[in-house]
Amino acid sequence: MFTKILIANRGEIACRIIQTAKKMGIATVAVYSDADRNALHVSLADEAVHIGPSPSTESYLVIDNIIQAALSSGAQAIHPGYGFLSENADFCRQCDANKLIFIGPPVAAILAMGSKSAAKNIMAKANVPLVPGYHGDDQNPAILRQSAEEMGYPVLLKAAAGGGGKGMRAVYHGGEFDQALAAAKREAKHSFNDEIMLVEKYLQQPRHVEIQVFCDQHNNAVHLFERDCSLQRRHQKVIEEAPAPGISEALRQRMGEAAIRAATAINYQGAGTVEFLLDSNGEFFFMEMNTRLQVEHPVTEMISGQDLVEWQLRVANGEPLPCTQEQLTLRGHAFEARIYAEDPEHDFLPSTGQLTVLRAPLESPHVRIDSGVVEGDEVSVFYDPMIAKLVVWDQDRDRALERLTDALSDYKIAGVTTNIPFLYNLASSQAFRNGDVNTGFIEEHEEEIFHRRQEDLDYAAPLAAQAILAARAESAKDLAQQSVEPNSPWHLVNHWRASDNSPQRLNVSIGQQQVEVIADATELPIHIKAVSDETGFNLFTPKGVFHCAETQPDLGLDQDQDSSGNLTAPMNGTVVTLLVDVGAAVAKGDTLLVMEAMKMEHTIAAPSDGKVSEFFYQPGELVDGGAELLAFDSADV
Ligand code: MV4
């Protein structure tokens, strides 16, 4: 086995890899940028090498710097983690050229999956089911259009070099085809410098089900069951689970075998993921193969009892797979929720700053936290703002889901805004409990998830009032007993009994709404937990989490504040697309411009009916946070 490996990554995945290396007695070398000088992955590793300034394009993505760090530290192998250089064929070649073992697949396997059309040709030969469509070399628009007419609308145009939804356009009628094709090609040309397009039958609301595969250098291949990653928002995964709800053993086996055929067809080695679209008839179709360890691998570890990083190290070292297919068993159910520093109430804008409080739920055989930050660390603008992956396991889906909502309500984070309330609302929604997931889930259930229904307010108001009365009683008791932790902003006020039982009139804010409630001080139901913060308290109920505060009567919230009217860049980033023509009439709320910052897309919407009179930036241009992006003329002035 290797005696020393270098981890060419940062954050939680670097920490995750170091943990297994330690267990196996392998020394670890971390690499770090300026911003990561004091990061957790650096302190956990045996050695660390500085590789450049904070932007990843000047550090974690600089192949030469990483190769030099490996050579100078005497590491024999490099684990690339996910993202960064993990699927970069040049990096893989540079490792080979320097006699460093790349802990991942051979370069040919990475290249084979680089183009969607080439991948589809390989998969067709290997008898892996494909979405009906055209993936030929002849890019004559008339040929592409004819293939669309033959398969019937709706169709989806996809960039052969694409990923993450870029260069993708749905076409519902023949009349829209030529324009959609031109737009998709422009976007593909701009994003990937390659305008080759595929035409596919457009599957409505499919599920994203992916199979974890593993292959060694001795022609052994197994699958470790599936993960359902249907819960996504703008192509970012939000909650993943294993196994996929409602999948029969027979379908699991067929998908597993197809995934192994896919991996074998490209002489795969190491950990890989074969992604499928699963339609409502239970038919599945190859989408793409990811030639790396994935973010969501922990759910597979929880249900299989295997350490996938250990498997990767053994396979890279030339050992046979630790298990045969027959020895692998699927046990229980696992979820992963990605905890992000972002603001769901403001278009999921990343939230940067210091993590002044970071207390994760207690870890146990049921609860696992993979994180790369500790209390006091900074969430910076330079990297993905993921704080942690919360992973839970139990014997069945219902119990695992309860573990998930419990753990989410135990998380205490202050200093940055997080998506924890959003995750809690998703996880406690009835549709999710039913296992009714597909890629349109979040849009479809937006009102429920964001509590935009009157019934949610009616439900939460009396509970909030009870919590306030209970907290008053408890603070009286705490004062008497001096039992409050003096500097903690977090107090639990669950199932406390108020001392005064007479009905009381209270003014309460629930989210953005003001209500007046007459409250009877009774006991809060056992499933409801209230956790106070700087501005009020969060009420964790079976119908989601509600942020509440006691307010003064007749002091309504300022209705004039319009958060959608912001035409400035939310942070440093790049303009991706301009979606309207200068001078063209637009309606309030129409998306005008898309920009990308911290690996996420942000849309800028029209603050009112009107027109854009000028765009100050063109696609591809860098913008400083706060800069004016465009000039807007309102229709009513
Ligand atoms: C599709 C599809 C429906 N029909 N292909 C989105 C990203 C890219 N890798 C593939 N994607 C899709 N391809 C056909 N023929 C729907 C999607 C899709 C999607 C897929 C997986 C997870 C989330 C998604 C969200 C929107 C669209």
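We number each residue from 1, following the sequence as shown. The basis for the numbers below is simple: all heavy atoms, side chains too, and nothing from hydrogens, waters or symmetry mates.
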TODO: Could you tell me whether Asp370 and Arg368 have a side-chain N and a carboxylate O separated by less than 4.0 Å?
DONE: yes

TODO: Measure from the side-chain N and O atoms of Asp279 to the backbone N and O of Pro206, and report whether any donor-acceptor pair falls under 3.5 Å.
DONE: no

Open item on the list: Counting C-beta onward and ignoring hydrogens, is there a side-chain heavy-atom pair between Arg433 and Pro542 closer than 4.5 Å?
Closed with: yes

Task: Residue pair Trp393 / Val367, side-chain heavy-atom distance below 4.5 Å - done: no

TODO: Look at the rings of Tyr60 and Phe84 and say which category their plane angle falls in: under 30° parallel, 30 to 60° tilted, over 60° perpendicular.
DONE: parallel

Task: Side-chain heavy atoms of Ser54 within contact of Tyr383, under 4.5 Å - done: yes

Open item on the list: One thing to verify: whether Asp456 and Lys543 come together as a salt bridge, which I'm taking to mean a side-chain N less than 4.0 angstrom from a carboxylate O.
Closed with: no

TODO: Kindly compute the distance separating CZ (Arg16) from CD1 (Ile7), expressed to the nearest 0.5 Å.
DONE: 11.0 Å

Open item on the list: Determine whether Ile5 and Val29 satisfy the following criterion, side chain to side chain contact (heavy atoms under 4.5 Å, CB included), listing intermediate values before the conclusion.
Closed with: CA-CA 6 Å; Ile5 63 170; Val29 183; over 6 Å; no

Open item on the list: I need the minimum non-hydrogen distance between Asn425 and Gly544, along with the two atoms involved.
Closed with: OD1-CA, 3.1 Å

- [ ] Find out whether Leu408 and Asp406 are in side-chain contact, i.e. whether some heavy atom of one side chain is under 4.5 Å from a heavy atom of the other.
- [x] no

Open item on the list: Between Ile239 and Glu336, does the side chain to side chain contact (heavy atoms under 4.5 Å, CB included) criterion hold? Intermediate values first, please.
Closed with: CA-CA 6 Å; Ile239 297 179; Glu336 172 180 282; over 6 Å; no

- [ ] Answer yes or no: does atom CZ of Arg331 have more than 12 heavy-atom neighbours from other residues, nucleotides or ligands under 6.0 Å?
- [x] no

Open item on the list: Quick one, Pro245 and Val437 - any side-chain contact, counting heavy atoms below 4.5 Å?
Closed with: yes

TODO: For Asn9 and Ala14, indicate whether the former's side chain and the latter's backbone hold a donor-acceptor pair under 3.5 Å.
DONE: no

TODO: State, without any angle test, whether Thr356 and Glu375 hold a side-chain donor-acceptor pair at a distance under 3.5 Å.
DONE: no

Task: Main-chain N/O of Gly83 paired to Ser86 side chain as donor or acceptor, under 3.5 Å - done: yes

Task: Thr352 OG1 to Glu342 CD distance, which is reported to the nearest 0.5 Å - done: 13.0 Å

Task: Main-chain N/O of Val545 paired with His451 side-chain donor or acceptor, under 3.5 Å - done: yes

Open item on the list: Please evaluate residues Tyr411 and Thr418 with respect to the criterion side chain to side chain contact (heavy atoms under 4.5 Å, CB included), reporting the C-alpha separation (whole Å), side-chain torsions for both, the decisive distance (0.1 Å), and the verdict.
Closed with: CA-CA 10 Å; Tyr411 237 110; Thr418 77; over 6 Å; no

TODO: I would like to know whether Glu87 and Thr291 meet side-chain hydrogen bond (donor to acceptor under 3.5 Å, both in side chains); could you show each step before the answer?
DONE: CA-CA 6 Å; Glu87 293 178 283; Thr291 55; 3.0 Å; yes

TODO: Output yes when a side-chain donor or acceptor of His297 lies under 3.5 Å from a complementary backbone atom of Gln294, and no otherwise.
DONE: yes

- [ ] Determine the minimum heavy-atom distance between Leu390 and Pro361, stating which atoms define it.
- [x] CD1-CG, 4.4 Å

Task: Spacing of Ile369 atom CD1 and Ser364 atom OG [to the nearest 0.5 Å] - done: 9.0 Å

Task: Minimal non-hydrogen separation, Ile510 against Cys548, with atom names - done: CG1-SG, 4.2 Å

TODO: Report yes if the side chains of Leu321 and Val222 come closer than 4.5 Å at any heavy-atom pair, otherwise no.
DONE: yes

TODO: May I ask you to decide if Leu539's main-chain N or O and Lys529's side chain share a donor-acceptor pair within less than 3.5 Å?
DONE: no

TODO: Kindly give the heavy-atom pair with the smallest separation between Glu378 and Gln354, and that separation in Å.
DONE: OE2-N, 3.6 Å

Task: Reported CZ-to-CG distance for the pair Phe540 and Asn538, which is rounded to 0.5 angstrom - done: 5.0 Å

Open item on the list: Any side-chain to backbone donor/acceptor pair from Thr28 onto Asp46? Under 3.5 Å, distance only.
Closed with: yes

Open item on the list: Rounded to the nearest 0.5 Å, what separates atom CG in Asp307 from atom CE in Met24?
Closed with: 8.0 Å

Task: Asp436 side chain to Ala431 backbone, donor-acceptor under 3.5 Å - done: no

TODO: Measure from NZ or CZ of Arg338 to the centre of the six-membered ring of Phe422 and say whether it is under 6.0 Å with the direction within 45° of the ring axis.
DONE: no

- [ ] Indicate the ring-plane relationship of His333 and Phe335, choosing parallel, tilted or perpendicular according to the 30° and 60° boundaries.
- [x] tilted

TODO: Please test Gln232 against Thr439 for side-chain hydrogen bond (donor to acceptor under 3.5 Å, both in side chains), starting from the C-alpha separation and ending with a verdict.
DONE: CA-CA 6 Å; Gln232 303 198 3; Thr439 53; over 6 Å; no

TODO: Give the C-alpha distance, both sets of side-chain angles, the deciding distance and a yes or no for ring-ring contact (aromatic ring centres under 6.0 Å, His included) between His41 and Tyr32.
DONE: CA-CA 9 Å; His41 76 280; Tyr32 64 93; 7.5 Å; no

Open item on the list: Is any side-chain heavy atom of Val379 closer than 4.5 Å to one of Val373?
Closed with: no

Open item on the list: Please report the interatomic distance CD(Gln212) to CG(Leu224), rounded to the nearest 0.5 Å.
Closed with: 6.0 Å

Task: Closest approach of Gly372 to Asp377 (non-hydrogen atoms, all atoms of both residues) - done: O-OD2, 4.3 Å

Open item on the list: So which atom in Arg314 and which in Pro322 form the shortest heavy-atom distance, rounded to 0.1 Å?
Closed with: CD-CG, 4.4 Å

Task: Step-by-step salt bridge (Lys or Arg N to Asp or Glu O under 4.0 Å) determination, Arg234 to Asp347 - done: CA-CA 11 Å; Arg234 299 214 193 129; Asp347 203 24; 3.1 Å; yes

Open item on the list: For Phe284, does the six-membered ring have the charged nitrogen or CZ of Arg254 within the cation-pi criterion, i.e. under 6.0 angstrom from the centroid and within 45° of the normal?
Closed with: no

TODO: Could you walk me through whether Glu550 and Asn507 pass the side-chain hydrogen bond (donor to acceptor under 3.5 Å, both in side chains) test, one step at a time?
DONE: CA-CA 6 Å; Glu550 187 173 3; Asn507 288 83; over 6 Å; no

- [ ] Apply side chain to side chain contact (heavy atoms under 4.5 Å, CB included) to the pair Cys323 and Trp311, showing each step before the final yes or no.
- [x] CA-CA 10 Å; Cys323 278; Trp311 280 49; 3.9 Å; yes

Open item on the list: Any heavy-atom pair between the side chains of Leu457 and Phe546 that's under 4.5 Å?
Closed with: no

Open item on the list: Strictly below 4.0 Å, N to O, side chains only: are Arg227 and Glu210 in salt-bridge contact?
Closed with: yes

TODO: Would you mind checking if Glu402 and Arg399 are paired as a salt bridge, meaning a charged N to carboxylate O distance below 4.0 Å?
DONE: no

Open item on the list: With no hydrogens and no angle check, just 3.5 Å: does a side-chain donor-acceptor pair link Tyr82 and Asn290?
Closed with: no

Open item on the list: Quick one: does any side-chain atom of Tyr424 pair with a main-chain N or O of Thr541 as donor and acceptor, under 3.5 Å?
Closed with: yes

Task: Glu443 atom CD, over 12 foreign heavy atoms within 6.0 Å - done: no

Task: Glu296 with Lys237: basic N within carboxylate O range, under 4.0 Å - done: yes

Task: Donor-acceptor pair, side chain of Asp394 and main chain of Asp396, under 3.5 angstrom - done: no

